[in-house]
Amino acid sequence: MKIAILGGTGEQGFGLALRFAKNHEVIIGSRKKERAEDAAEKVKSILKERGIDANVRGLENKDAAKEGDIVILSLPYEYTLSTIKDLKEHLDGKIVVSIGVPLATAIGDKPTRPLPPPQGSVAEMVQEKLKNSKVVSAFQNVCCRALEDLDNPVDCDILVCGDDEEAKKVVMELAEEIEGVRAIDCGELEMSRIIEQITPLLIKLNIKYKLKGTGIRITGF
Ligand SMILES: NC(=O)c1ccc[n+]([C@@H]2O[C@H](COP(=O)([O-])OP(=O)(O)OC[C@H]3O[C@@H](n4cnc5c(N)ncnc54)[C@H](OP(=O)(O)O)[C@@H]3O)[C@@H](O)[C@H]2O)c1
């Protein structure tokens, strides 16, 4: 599978690239091609040290969106719509993974406060804009530090939701390729309202208890 990560130069996208490049072709997207290429080289060199010859490239976001079979939006919430607005034709029919968390940092307020968009969640905001894409919501509750730490399994459930069952299944299988991860089908895309709002709580716990990166586990099934 060809996985494009728009904004993959940032911490979360980079962590996902490291994990997915073991089994897939990964394209890191950026506003600047050189930045994407630098990040791609870094992923390749980290994986090479572990004996993995990864297929990773860097492209501008537009070209990454064009090439990806699955496109992950790893962008600050407040710049998501402005980034995808000209990419609709390249994203039509594709699985688009929304990982954004709507934090009040977008307006200069605290990272422990949610600030959902009028659509209810980032994922629903993306689906409203990309009517012909299959938007799946996932990866909001896993910390970039856990993803980057290839020496350890990721101790986190990935809560996944979406309105297209097939697309959701593909993303769940992808998530479970990450060692330690269990993916949980949480239902329709609107459940993303709740999933996204768990993250400010995790950030609060990181700050309060001076932790590096808390995650979430659902018990009982
Ligand atoms: N960090 C985490 O632990 C974590 C955990 C869970 C969920 N998330 C979510 O994952 C997403 C990415 O997080 P992150 O921490 O990696 O974010 P980030 O580093 O702040 O941003 C990711 C990338 O977005 C691009 N970007 C920045 N400003 C932009 C603008 N004005 N317009 C278009 N692109 C812009 C930058 O890439 P270029 O400069 O190369 O274009 C940047 O490297 C966010 O939605 C966040 O809520 C993060």
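Just so you know, ligand 1 is whichever comes first in the structure, and atom 1 is the first atom listed for that ligand.
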Which N or O atoms of ligand 1 sit under 3.5 Å from a protein N or O, and how far apart is each pair?
unit_1	atom_1	unit_2	atom_2	d
ligand 1	3 (O)	Gln12	OE1	3.3
ligand 1	3 (O)	Cys144	N	3.0
ligand 1	16 (O)	Glu11	N	3.0
ligand 1	16 (O)	Gln12	N	3.0
ligand 1	28 (N)	Arg31	NH2	3.4
ligand 1	31 (N)	Arg31	NH1	3.4
ligand 1	37 (O)	Thr9	OG1	2.9
ligand 1	39 (O)	Arg31	NH2	2.8
ligand 1	39 (O)	Arg35	NE	3.2
ligand 1	39 (O)	Arg35	NH2	2.7
ligand 1	40 (O)	Thr9	OG1	2.6
ligand 1	40 (O)	Ser30	OG	2.5
ligand 1	40 (O)	Arg35	NE	3.1
ligand 1	41 (O)	Ser30	OG	3.4
ligand 1	41 (O)	Arg31	N	2.8
ligand 1	41 (O)	Arg31	NE	2.9
ligand 1	43 (O)	Thr9	OG1	2.8
ligand 1	43 (O)	Gly10	N	3.1
ligand 1	45 (O)	Leu75	O	2.7
ligand 1	47 (O)	Val101	N	3.1

Notebook entry, point to check: What residue among Ile194, Asp185, Ile184 forms side chain to side chain contact (heavy atoms under 4.5 Å, CB included) with Leu159?
Noted result: Ile184

Next item on the list: Using salt bridge (Lys or Arg N to Asp or Glu O under 4.0 Å) as the criterion, list what pairs up with Arg113, not counting sequence neighbours.
Entry: Asp109

Next item on the list: Please identify each residue that fulfils salt bridge (Lys or Arg N to Asp or Glu O under 4.0 Å) with Glu25, with sequence neighbours left out.
Entry: Arg57

Next item on the list: For residues Ser98 and Val135, report the shortest heavy-atom separation together with the two atoms involved.
Entry: CB-CG1, 4.2 Å

Report, one line per pair, each donor and acceptor closer than 3.5 Å where one atom sits in a side chain of residues 47-54; sequence neighbours left out.
unit_1	atom_1	unit_2	atom_2	d
Arg50	NH1	Asp151	OD1	3.4
Arg50	NH2	Asp151	OD1	2.7

Note to self: Can you see whether Phe14 has Arg145 sitting over its ring - NZ or CZ less than 6.0 Å from the centre and within 45° of the normal?
What the structure shows: no

